[in-house]
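Shown next, in structure tokens, is the structure this report addresses.
Fair warning: this is a prediction, and the values are worked out from it, not measured in the lab. Note on naming: letters A, B, ... go to the chains in the order of the sequence lines (proteins, then strands), and numbering restarts at 1 for each one.
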Amino acid sequence: MQQGLTMYFESYINKESIFINKKALQPNYSPENILHRKEQIEQIARIMAPNLKLDKTSNIFIYGKPGSGKTLTTKYVIKELQKMAILKNIPLVPFYMNCKLRRIADTEYRIIAEVARELGKSVPVTGLPTEEVYNLFIEATDSKKQILVLILDEIDQLVKKTGDGILYNLTRLNEELKKAQITLIGISNDIFFLENLDSRVRSSLSEEEVTFPPYNAIQLQEILKQRADIAFRPGVIEDGVIEKCAAYAAQSHGDARRALELLRVAGEIAERNGFNTMAVAHIDDAEERIEHDQIIELVKNQPKHFQLVFYTILIMPKQSKKLFTGDIYEHYRRICSKIGIKSLTQRRVSDIIAEFDTLGIITARVISKGRYGRTREILLATQATMNKKLIKILEDAINA
DNA sequence: AGTCCACAGGAAGGGCAGGCGA
DNA sequence: TCGCCTGCCCTTCCTGTGGACT
């Protein structure tokens with residue numbers, strides 16, 4: 001066996017990879033030429049250009065569905081702007097933050113502290129009053145004449161979690177700054193995000209708005225072709241592969257990120273199975289694999305009671321395929337007492353179920369059963385074939 | 001038309017962990 | 001060591017709600 005393994009590794013090393021540069025398929029790869037976003041690039045550039053004359057520019061709100069190129073395009077324009085700023089000796093400091101990143105940029109304290117740290121201030125991870133962190137931030141920012149461009153990606157997640165107080169504070173900071181100035185760029189997938197903001201915050205944040213429409217299948221094909229030419233050896237991709245991949249992604253609202261991931265995983269599957277070329281069937285396999293892996297990883301990483309509630313939903317008898325909050329809670333409590341764990345309250349379990357819905361592993365909708373009350377009607381969103389595996393994983397995790 | 005059910009979901013706050021400065 | 005601060009997870013208390021039932 002060991003001999004066989006050595007031979008396997010030997011032949012793996014000697015076999016020519018179908019990839020040349022796999023990085024070109026990764027989400028953070030920035031191509032030299034961004035396709036189908038000329039209009040948005042020009043729009044953002046026009047708004048940001050006054051920075052090069054040290055003039056205050058408008059804050060920008062950028063909206064578009066996931067994988068529509070918002071982040072890539074914004075980063076590209078800011079990078080070009082910064083290049084010019086360096087050339088002309090203009091003190092422009094960009095900061096990119098993804099507000100979805102837990103423990104880094106998901107609270108007011110963390111965001112302000114992170115920027116203050118980048119500007120050279122020492123700020124503890126926790127412990128200071130938020131006002132004190134703002135003071136440190138202002139001190140660091142206003143120490144010299146400079147323009148701070150603060151890009152808050154997935155800004156809706158931040159507001160959902162902490163409220164719009166931080167945006168109110170940030171949009172009003174310029175009034176306190178004497179030398180420096182701040183331009184905010186908010187990026188969001190959620191078109192209704194602005195509607196729920198305080199009107200003052202809304203008008204300050206969206207002084208300018210840039211919309212990213214979803215890519216259509218033809219545009220996706222061109223994007224995939226551009227990246228595939230860099231990522232794969234010539235002649236590796238069989239006819240129809242790019243088209244199939246684009247078609248899959250076009251179904252999920254023109255998500256280019258998903259299309260690229262699909263192509264990468266399909267390439268890996270083809271290579272692992274010893275193929276020298278990539279066929280349409282590999283795209284189908286990749287589609288299944290991606291969804292499968294995402295759900296398993298998600299479930300594995302949940303806290304114990306999340307796992308218990310989801311386990312309950314998986315194993316509950318489903319006479320009519322539909323489950324209700326009250327029934328799930330009863331079953332969940334029984335399981336908890338069986339394994340000797342103190343159960344959470346129904347209020348908390350209700351929130352956990354709502355979170356499952358957000359994560360996409362169940363679909364839940366609030367319905368009224370009239371005389372029999374209002375509740376959530378819950379349906380599993382995972383495939384039956386996967387559920388057995390999930391039950392096994394959860395049993396191991398719960399008993400661990 | 002009014003009642004009632006079974007929750008949904010908002011608000012307030014408790015308890016704990018991690019961290020700071022005096 | 002103590003008081004104070006934030007984040008996180010959770011409970012408790014409460015009001016709101018859609019539609020079947022009376």
Whole-Å distance between [N] [atom2] and [X] [atom1]?
X: A:Lys369; N: C:dT17; atom1: NZ; atom2: C1'; value: 15 Å
X: A:Tyr332; N: B:dC7; atom1: OH; atom2: C1'; value: 17 Å
X: A:Ile341; N: C:dC9; atom1: CD1; atom2: P; value: 17 Å
X: A:Asp327; N: B:dA8; atom1: CG; atom2: C1'; value: 16 Å
X: A:Leu136; N: C:dC5; atom1: CG; atom2: P; value: 16 Å
X: A:Arg365; N: C:dG19; atom1: CZ; atom2: P; value: 11 Å
X: A:Glu330; N: B:dA6; atom1: CD; atom2: P; value: 12 Å
X: A:Ile328; N: B:dA6; atom1: CD1; atom2: C1'; value: 14 Å

Please find out if less than 6.0 Å separates the ring center of A:Tyr63 from that of A:Phe212.
no
Return no unless some side-chain N or O of [X] is found under 4.0 Å from OP1 or OP2 of [N].
X: A:Ser350; N: B:dA8; answer: yes
X: A:Tyr372; N: C:dC21; answer: yes
X: A:Ser368; N: C:dA20; answer: no

At what distance, to the nearest 0.5 angstrom, does CG of A:Leu148 lie from CD1 of A:Ile182?
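Answer for the CG-CD1 pair, A:Leu148 versus A:Ile182, is 5.5 Å.
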Assess the residue pair A:Glu287 and A:Arg258 against the criterion (salt bridge (Lys or Arg N to Asp or Glu O under 4.0 Å)); give the C-alpha distance rounded to whole Å, side-chain angles, the decisive distance to 0.1 Å, and a yes or no.
CA-CA 10 Å; A:Glu287 164 80 5; A:Arg258 186 172 165 75; 2.9 Å; yes
Checking only heavy atoms, does the side chain of A:Arg347 share a donor-acceptor pair with the base of B:dG10 at less than 3.5 Å?
yes
Do A:Arg374 and C:dT17 have a side chain to base donor-acceptor pair shorter than 3.5 Å?
yes
Residue [X], side-chain atoms from C-beta onward, closest of [options]:
X: A:His305; options: B:dA8, B:dC4, C:dC10; answer: C:dC10
X: A:Arg348; options: B:dC7, C:dC10, B:dG9; answer: C:dC10
X: A:Arg371; options: B:dA8, B:dC4, B:dC7; answer: B:dC4
X: A:Thr345; options: C:dA20, B:dA8, C:dT11; answer: C:dT11

Quick one: does NZ or CZ of A:Arg37 land under 6.0 Å from the six-membered ring centre of A:Tyr215, within 45 degrees of the ring axis?
yes
Would A:Lys369 and A:Phe324 count as a cation-pi pair here, with the cationic atom under 6.0 angstrom from the ring centre and within 45° of the axis?
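That pair qualifies as a cation-pi contact.
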Closest-nucleotide mapping onto DNA chain C: is A:Ser343 or A:Gly373 further toward the 5' terminus? I mean the 5' end.
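Going by which nucleotide is closer to the 5' end, it is A:Ser343.
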5' priority, DNA chain B, between A:Arg376 and A:Gly370 [closest heavy atom]
A:Gly370
Within the 4.0 Å heavy-atom criterion, would you say A:Ile367 contacts the bases, only the backbone, or no part of the nucleic acid?
nothing
